[in-house]
Amino acid sequence: MYARSGVWQMHVAMLTVPMDEEKVARCRELAAAVADDVQRYIDAHTSVGVERTILRAYGVDGVDDQGAPLVNIAVERYAKAGLLGRGISYFLGRALLAGAGGLQEAAERLAYAPELDRGDSGPSADEVLVALAPHTDAAIDRIDHARDERDANKRRAVPGGNPLKYVIVATGNIYDDAVQAKAAAYAGADIVAVIRATAQSLLDYVPHGATTEGYGGTFATQENFKIIRRATDEAAIDYGRYIHQTNYSSGLCMAEIAWMGAVERLDMLLNDAMYGILFRDINPCRNFVDQYVARRIIARSGIVINTGEDNYLTTADAVEKAHTVLASQFVNEAFAKHAGVKDEQMGLGHAYEIDPGIENSFLLELAQAQLIRQVFPAHPIKWMPPTKFKTGDIFQSHVHDAMFSLVGVATHQSIELLGMFSEAVHNPMLMDRYLSLKATKYVFNTARSLGDEITIKPDGIMAKRAVQVLDEALELLEEVERETIWTAIERGAFADVKRTRTGGKGYTGVFERSDDYVNPVLEALEAS
Amino acid sequence: MHPTLPSKPLRAYGDRQNDGMIQLSFVLELPPSARAKEAAKQFAELHGVREALVTTMEPCAEGYTYFVVYGHSQHSIDPSTIDVPELRTEALSRDEIEHRVTTRLTRKIVVVGACTGSDAHTVGIDAILNYKGYAGDKGLESYKAFEAYNLGAQVENEQLAERALALSADAILVSQIITQRNCHKENALALIELAKKQGWRNKVVMLLGGPRIDHKLALELGFDAGFGPGTKPSDVASFLVEWMCGDREKAGAAMAAADGT
């Protein structure tokens, strides 16, 4: 899809809205300043989530008889002892130098050795780095290999054209999910996301193994990723079209899940710089530190992130707060750039969530979607369907979704999460997805070149709307830059949700890095 | 109470009285074929559909077929024989709500709401409590009569109870959207049990809302009222005002749209 994600640029699209390049550049500058400020904090801190990720990168695996992952037990022990600021890698390397027969055993020593290594004497940080070097290379090779394999698979079964049709499966049972994923591919889906079990984002550990019980979705585990990867790979061969796999790198384990996703060749991960803070009440410090490491892994592994700005419009009003989506996209882009994520990997999100009862709401949606397409021309923009004003009237809902798809194709969106007529009723069933794909294929095909054929009226409703949204986004970014993102979040600048710097979940898992902090995996990622 | 309904069995209405016309859509796990079509027809007939006409038969996945069937349902229903503990009347006007609370209660009604347990979907509780409301019907925050606290998502029952007691809440609103394997019922029930155990159940009016909630279910679970899909903030406001101003009978009558319309 990356070869095709630039398609819009190659088109001389006729449907353009007025866009002041200087204002766009100014927005980028302001967003960069906002992210710079936070990056200084990030670079001085680590978290239990980050350190667990590094252990996983070194191949540490397994759970105890209570289901607690070894990486948690090891990291928790050093966190409690107040030693995590030196980096778990430091202690892992020392255990290796002390004679552990490999990294798994070294990690077991960290977790269970009767004596806790306080790092006072013995091997220096430099010696530790030397001992870890081949393992660090092996860790990076592992995700590089997965990336190469993905690229090769995409040459064998080429992805469909944009907008890529994205559907979700959410049975709670990973084996049923695999059946549903294949059925979706049969019906024309390009991307399959397994919705995560509700509340997994607040678990401070990643569950282990294949799971068959989940509410609202299925747990994200490494084994579950493998099962869906196998199903989507098979479907790609069966239907001659690459099928993308998506999951969630969010919540308190976002970096660990990014690592698992990289290893298991996932194509996309939902990953947002601020979503966890706003919608899951995760502590801002923890969230910023974790998202950086998650995105470093994502950048290296060629995964496409999907950001969550669409959610803003489910809590705030889509007409009044449209500019907050654009402003947040600039912020997400700035954070992603800091982590080395390329434009072609940034699936910035937005949504068709205006009250359908508003006269000409379709024009407002069209204007905003086109504006975002133009502001982020190389980005695989993710277009999200109506949810907030969906009712149990599935027939009306189906029409609502068709209008949404019309905007999607006319404005050359890259990734379209398909609306489901049963949105307000239940998680999508096989029939719901089938009918949604059928209708979307119809709309995309029937209006394929619409955006290349029509122009909009200068100074009309759409032109004015685009100008207004960009102006307001610029204004908001100016305020956020002035007051810093911490204060902006405290006063509810995004999604009308207010969060304090030290509030929320997971703050106790954040640690200041010491001067001799050791994290060779992160260094290797930062050097790439 | 009940306005008297004429006792008359009703059939589904297509374009003539008693024609019983309905449509069904479903998936059967078999590939399309003449046999599959007949299977779909007979399947519909088992549901009481006469002269079933299979209007669509398409493969929707390998080994699965999607059908649309039209036909005449033989079933009829006599609404006068149905016992439901809810009645539909108009919600009170905003002015009436403000007036009653000012004159009769002379203080604000304190409302605390949350999505409890693992539920992360705040769209329902936000629509009822937040200023913005839903589809032009402003939320409880917009009334002078209410002091509304929205605790958001994934609030544990214990946490909700603690906050509600600390704020001297008159009413607790619980929203449950995720309903897989009936987790919404267990969660809601657990809150009622907690309230009873802590001895404040009868001091607070407790409301339950969500897409799979109705008044009957809420009563069964031990709540004072249940609000289903389509409930507007003004419906909840009306109920609370009637209840708090002493007319619990009327509070029931103020419930609107609890039946999924």
Side-chain angles (χ1 to χ4, degrees), chain A residues 170-172 179-187 196-203 213-217 235 238-239 251 278-281 311 314-317 320-321 355-358 387-395 424-427 429-435 437-438 496-498 505, chain B residues 23-29 56 58-68 115-127 129-136 141 150-156 176-184 186-187 210-212 228-231 257 259-261:
Chain A
T171 69
V179 172
Q180 299 286 329
K182 282 185 141 177
Y186 171 91
R196 216 156 55 152
T198 184
Q200 189 179 349
S201 55
L202 300 184
L203 295 181
E213 271 295 314
Y215 295 104
D238 290 350
Y239 308 123
L278 301 173
F279 296 99
R280 291 293 178 267
D281 195 15
N311 292 284
T314 61
T315 52
D317 182 80
E320 289 166 18
K321 296 299 169 76
D355 181 347
I358 294 175
T387 59
K388 189 179 180 177
F389 291 95
K390 282 294 186 72
T391 69
D393 179 357
I394 57 169
F395 303 101
V425 185
H426 50 228
N427 279 342
M429 295 180 179
L430 193 148
M431 180 171 87
D432 310 355
R433 267 193 304 271
Y434 167 71
L435 289 172
L437 281 158
K438 185 178 169 186
D496 291 349
V497 177
K498 298 171 186 167
K505 301 166 183 100
Chain B
Q23 74 272 26
L24 298 171
S25 57
F26 51 88
V27 171
L28 294 178
E29 195 178 345
T56 297
E58 293 176 359
C60 60
E62 259 175 77
Y64 296 83
T65 305
Y66 162 67
F67 298 95
V68 178
C115 295
T116 57
S118 61
D119 205 330
H121 299 76
T122 60
V123 54
I125 198 80
D126 289 348
L129 290 183
N130 293 3
Y131 194 96
K132 186 79 198 167
Y134 181 79
E141 268 183 12
N150 185 353
L151 305 189
Q154 300 182 331
V155 177
E156 292 304 330
Q176 291 276 282
I177 291 196
I178 293 288
T179 55
Q180 243 169 355
R181 288 180 281 282
N182 284 331
C183 66
H184 59 305
E186 290 164 22
N187 225 353
R212 295 287 181 81
T231 300
D259 58 353
T261 49

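Naming convention: chains lettered A, B, ... in sequence-line order (proteins, then strands); numbering from 1 in each chain.
- Nearest heavy atoms, A183(A) versus A61(B): CB-CB, 3.5 Å.
- Residue L435(A) touches chain B through its side chain alone, counting heavy-atom pairs closer than 4.5 Å.
- Interface remark: E320(A) contributes side-chain atoms only to the contact with chain B (heavy atom separation under 4.5 Å).
- Nearest heavy-atom pair across V27(B) and M431(A) is CG2-CB, 3.5 Å.
- Annotation for R212(B) and V425(A): closest pair NH2-O, 3.4 Å, computed over non-hydrogen atoms.
- Residues meeting the salt bridge (Lys or Arg N to Asp or Glu O under 4.0 Å) test with K390(A), sequence neighbours left out: D401(A).
- In plain terms, the two heavy atoms of P211(B) and A424(A) that are nearest each other are CB-O, 4.3 Å.
- Under the rule for a side-chain hydrogen bond (donor to acceptor under 3.5 Å, both in side chains), Y66(B) has no partner lying at least two apart in sequence or in another chain.
- Of the two parts of V497(A), neither the backbone nor the side chain holds a non-hydrogen atom closer than 4.5 Å to a non-hydrogen atom of chain B.
- Interface remark: I358(A) contributes no atoms to any contact with chain B (heavy atom separation under 4.5 Å).
- At a 4.5 Å heavy-atom cutoff, the contact between F26(B) and chain A is made by backbone atoms alone.
- Atom CD in E62(B) sits 8.0 Å away from atom NZ in K182(A) (nearest 0.5 Å).
- Put simply, CD on E29(B) and CG on L430(A) are 9.5 Å apart, with the number rounded to the nearest 0.5 Å.
- Among T314(A), D317(A), V179(A), the residue with the largest count of heavy-atom pairs under 4.5 Å with chain B is D317(A).
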